[in-house]
Amino acid sequence: MTTLAPPSARERGHRAAPPARSDRLRRVFTGAPDDPRWARPALWAVLVLATALYAWNLSSVTGNSFYDAAVYSGTKSWKAFFFGALDAGSFITVDKPPFALWVMGLSARVLGYGTWQLALPMVAVGVGSVALLYRMVKRDFGVVAATIAALALTLTPITVAINRDTNPDPILVFLMLLGAAALLKAVRTGRLMPLVWSGVAIGFAFNTKMMQAYVVLPAFFLVYLWAARGSLGRRIRNLAVGTVALVVSSAWWMVVVDLIPASSRPYIGGSTDNTVWDLVIGYNGFGRIFGASSSVGSQGNGASFGGEAGLYRLFNSIMGGQISWLIPFALVALVAGLVLRGRAPRTDARRAALLLWGGWFVLHYVTFALAEGTFHPYYVTAMAPGIAALAGIGSVMLYRAFVEGSAAKWGWVLPGAIAVSAVWAVVLLQRVSGSGTLYTVAEVVAGVSGAAAVLGLLLGRFMRRQRLMGFAALAAVVALLAGPAAYSVSAATTASANGTNPTAGPNTGGGMGGGGGMGGDGGERPSGEAPTGTTGSDGQPPSGSASSSSSSSTESDAQGERSGNAGGGMGGGGTQVSSAMITYLKKNQDGATWLVAVATDQTASSIILESGQPVISMGGWSGSDDAMTLAKLKSLVKAGKLHYIVISDSGQGSSNSEISTWVKKNGTAVSDYSGLYRLDASDVG
C-alpha cells in the first residue's frame, strides 16, 4: 500500500516555520538543505581565497598617499573628516567626495592609524562583494553558476590589485552591488522599498566616486521598467520614488557643503569655482569622458595610463591582462543567454538578471574604452562583477544548451566560446613570456586545458558520455582562470611601490604596465608612502611612514611623473622637499597652523604623512586649482597661521605668478633650502 506524504507548508500556502538557532548556525557551514553538499564548502573556499589574495602581507601595502594623508587628517580633525580635507587645517579637499575616507577614517580612529588599519575596510568590502555576487547569481541560476561567478570575480587581476590599496574603488563596487541586489529584489517582488534602498546604495556610491556610480543607472532603470511586476503605471510611479531616493542620497553632502560659506570650509579640490557641483559635472563628470573639464582643460589628462581611447583599449598591452580575460566568453554568454530566454514572460527573473549584468558590462565597457579624460587601469574593477556574473551564468546556460539543445544550433556555441577565450588567454600570456615561471606555467595550463575542454565536450556529446563532458567543463574553468590566477597571485605577493596607479602582473612594456602593482616607465607613483604602522605615542605617524629617506625628493619626483604641470608654478620647478627640510620646518613652525605651503596635493600629502602636521596644497592635484590667492596668503601670514612657502623659479597662471613674485619680494629665503621662503606678519604690507 502506497502512502502519500502530507503536503508541505509551502504547498499548503503557509510560510514554513523558521529554522532553530542551531539549524541556522549549521547552515552557515553546510548551506541550504536543497544545495549540493559541496556548495557551501566551495563558497567558503572561494571566500578564503579572496581573503588571502586581498590581505596577504597587508602591512607592506603602500597605499595611495593622497587618500592616506586625507584619512590621517580626518583622524585629527572632525571638520577635515566631514569635508574630506587633505590637511587637518582644512585648507583644501581631495578631489572626491569623502565616503570612502569616512570608512577608512573610522577604522583608523578605532584601531589606530596605520597601513593595515586603512586597508582592512578595503579587504572587507572586496570579500563582501564576492559573497554578494555569489548570493545574487545563486538565486536565479544555481550554485554552479554562483560559484564560478564568485571565483571569476575573486581572480580578476585588477580587482586583486585595487582591493589591496586605499583608493575608493572597492567601496564603490560593493555599494553598486548592493544597489543591484536591491533592484533585482524590487523586480521580483514589485515592491517599492527595495527600489528605494537601491537608490540609496547608488547615492552612497556617488558620494564615494561621483559620476562613476551612475554608469549602471541606464541598465537599472530599463530592467525595472521592463521586467518588474505590476502595471506600467505602478512601475513608473515606483521608479519616480526610487529616483527621488537616489537624488537625495546622492546630493545631500554636496548641497550641505555648497551652502556653507566658502570662508568657513575648505576649497573644493578639482573645481574651478570652489563648489562641489562644478567638481561633479567638470573634473569628475564630463571631463572624464570627453577629455576636457572646466578645471584642467582638454589635456587628455591620464589617458596614457590605460592606453589610447578606442574600442580596443581594454585589450591592449596595458589593460588586457588586467580585465579582458573573460570578456570574449562574457559576450557570447550574454547574447546566447538572451536568445535562450527569448520567449520567457516579461517578468522572467532570469532574463531580468541577464539584462542587468549585460547592461552593467556593456555600459562600463563603452565608458572606459572611449573615455578621453583621466583614465587609470584600476577604474575597470567596476566592470568586473558584470563580467564575472556573465561568465558564471553563461557557463551553466551554455552547458545545458550544449547537452540538451540541437547539435546544429547549440553544439558549437560552448566549445567555440571556450576556444576563443582560451586562445585569447594564451595571447595575453605570450605578451609577458619570459617574465617568470608563473606565467609560463599558466600559459601551458591555459592552452592544454582549453584544448582538452573543447575536444572533451565534442567527443562527449558525440559519444554521449555525460561524465566526459563534465570533466571537459571543469577543464574549461581551469583554462579560462589560469591566466587571471597567475596575475592575481603576482598582485598579492609582489610588493607594490605604486599606490596611486596599482596594477597586477608583469610589465608588458607599454605605458603604465604592471609589475605586481608597479608602474611602468613614466607611470605614476605616490610621492610619499603610506604609513607602515600605527601612530606613535606622540600621535604622529610612525617613523619612516612617508618619504622619510634622507634624500627624498617629493616635489621633483611628482613633477617628473605627472602629466605636464604637476608641481609647476607655486612650488615645483625641481624644488626638493627633503626630510631635512621637514625637520627644519617643524623646529621653526612657531605655532603656525600649517607647516608649509606647497604647490600640489601629492607633495603636501607626503609631507603630512612624514611630519604629522597640516600642509597647504595651493594648487590641488595638478597644481592648477585656484585654491590659494594672494589675498588669502597675506591673511594667513598676518594671522600667524603660515610662515613657510615653497616657490619655484617658474610660475604658471596669473595668480601663481602673482604669489611667486610677492613672496620672493617680501619673504626671506632660507639659504639652506632652495625655493623655501619664510614669511611673518611684518612682511605683509
Just say parallel, tilted or perpendicular for the rings of Tyr584 and Tyr644, cut-offs at 30° and 60°.
-> perpendicular
Take Phe66 and Gln602, measure what side chain to side chain contact (heavy atoms under 4.5 Å, CB included) needs, and give me the verdict at the end.
-> CA-CA 6 Å; Phe66 178 51; Gln602 53 268 32; over 6 Å; no
Can you find a pair of side-chain heavy atoms, one from Leu676 and one from Val596, that are under 4.5 Å apart?
-> yes
Report yes if the side chains of Phe305 and Pro377 come closer than 4.5 Å at any heavy-atom pair, otherwise no.
-> yes
Would you say Ser635's side chain and Ala631's backbone share a donor-acceptor pair under 3.5 angstrom?
-> no
Would you find more than 12 non-hydrogen atoms of other residues, nucleotides or ligands less than 6.0 Å from Lys632 atom NZ?
-> yes
Between the side chains of Asn666 and Asp683, does any donor sit under 3.5 Å from an acceptor?
-> no
Which heavy atom in Asn163 sits nearest to a heavy atom in Met122, and how many Å separate them?
-> O-CB, 3.8 Å
Without swapping roles, check the side chain of Trp102 against the backbone of Phe81 for a donor-acceptor pair under 3.5 Å.
-> yes
To the nearest 0.5 Å, tell me how far Thr381 OG1 sits from Asp169 CG.
-> 7.0 Å
When you check the side-chain N and O atoms of Asp625 and Tyr267, is any donor under 3.5 Å from an acceptor?
-> no
Should Val663 and Leu633 be marked as a side chain to side chain contact (heavy atoms under 4.5 Å, CB included) after you check the CA-CA gap, both sets of side-chain angles, and the distance that decides it?
-> CA-CA 10 Å; Val663 170; Leu633 176 61; 3.8 Å; yes
From the list Ile260, Thr93, Val94, side-chain contact (heavy atoms from CB on, under 4.5 Å) with Pro266 holds only for Thr93
Taking the side chain as C-beta and beyond, is there a heavy-atom pair between Arg265 and Asn274 under 4.5 Å?
-> yes
Trace of the side chain to side chain contact (heavy atoms under 4.5 Å, CB included) decision for Val160 with Tyr54 = CA-CA 6 Å; Val160 176; Tyr54 305 160; 3.8 Å; yes
Measure the spacing between CD1 of Ile158 and OG1 of Thr156 and express it to the nearest 0.5 Å.
-> 10.0 Å
Does a side-chain heavy-atom distance below 4.5 Å link Ser611 with Leu585?
-> no
Indicate yes or no for a side-chain donor-acceptor contact from Tyr113 to the backbone of Asp68 under 3.5 Å, with no hydrogens or angles considered.
-> yes
If you look at every heavy atom in Lys79 and Ser90, which pair is closest and at what distance?
-> CG-OG, 3.7 Å
Of all the heavy-atom pairs spanning Ala491 and Arg164, show the shortest one and how long it is.
-> O-NE, 3.4 Å
Flag, side chain of Asp258 to backbone of Val276, donor-acceptor distance under 3.5 Å | yes
Would you kindly say whether Thr503 and Gln322 are connected by a side-chain donor-acceptor distance under 3.5 Å?
-> no
Determine, step by step, whether Asp87 and Ile92 satisfy the side chain to side chain contact (heavy atoms under 4.5 Å, CB included) criterion, reporting the C-alpha distance in whole Å, the side-chain angles of both residues, the deciding distance to 0.1 Å, and the verdict.
-> CA-CA 7 Å; Asp87 59 286; Ile92 190 172; 4.2 Å; yes
Can you tell if the side chain of Phe206 reaches within under 4.5 Å of the side chain of Phe99, non-hydrogen atoms only?
-> no
Backbone N/O of Asn64 and side chain of Thr166: donor-acceptor pair under 3.5 Å = yes
Any idea how Tyr487 and Tyr439 line up, ring-wise: parallel (<30°), tilted (30 to 60°), or perpendicular (>60°)?
-> perpendicular
For the atom pair NZ (Lys96) and CG (Asn167), what is the distance rounded to the nearest 0.5 Å?
-> 8.5 Å
Classify the side-chain pair Asp680/Ser682 by whether it contains a donor and acceptor separated by less than 3.5 Å.
-> no
Mark yes or no for whether Ser271, through its side chain, and Leu279, through its backbone, hold a donor-acceptor pair below 3.5 Å.
-> no
Close side-chain approach of Leu642 to Thr593, heavy-atom, < 4.5 Å | no
Without swapping roles, check the side chain of Thr661 against the backbone of Ser657 for a donor-acceptor pair under 3.5 Å.
-> yes
What closest approach, in Å, do Tyr673 and Ser578 show between heavy atoms, and which atom pair accounts for it?
-> CE2-OG, 4.4 Å
Kindly check if the number of other-residue, nucleotide or ligand heavy atoms within 6.0 Å of CH2 (Trp662) is above 12?
-> yes
If you look at every heavy atom in Pro168 and Thr208, which pair is closest and at what distance?
-> O-CG2, 3.6 Å
All heavy atoms of Lys76 vs all of Arg109, minimum pair found to be N-NH2, 4.0 Å
Exam field: side chain Arg431 to backbone Asn316, donor-acceptor pair closer than 3.5 Å = yes
For the residue pair Tyr378 and His376, categorise the inter-ring angle as parallel (less than 30°), tilted (30 to 60°) or perpendicular (more than 60°).
-> parallel
Is there side-chain contact between Tyr67 and Leu118, with at least one heavy-atom pair below 4.5 Å?
-> no
Taking the side chain as every heavy atom from C-beta outward, state whether Tyr379 and Lys209 have any pair of such atoms under 4.5 Å apart.
-> yes
Judged by atom type as modelled, is there a donor-acceptor pair below 3.5 Å linking the side chain of Arg313 to the main-chain atoms of Met319?
-> no
Side-chain donor or acceptor of Ser77 paired with backbone N/O of Ala80 under 3.5 Å | yes
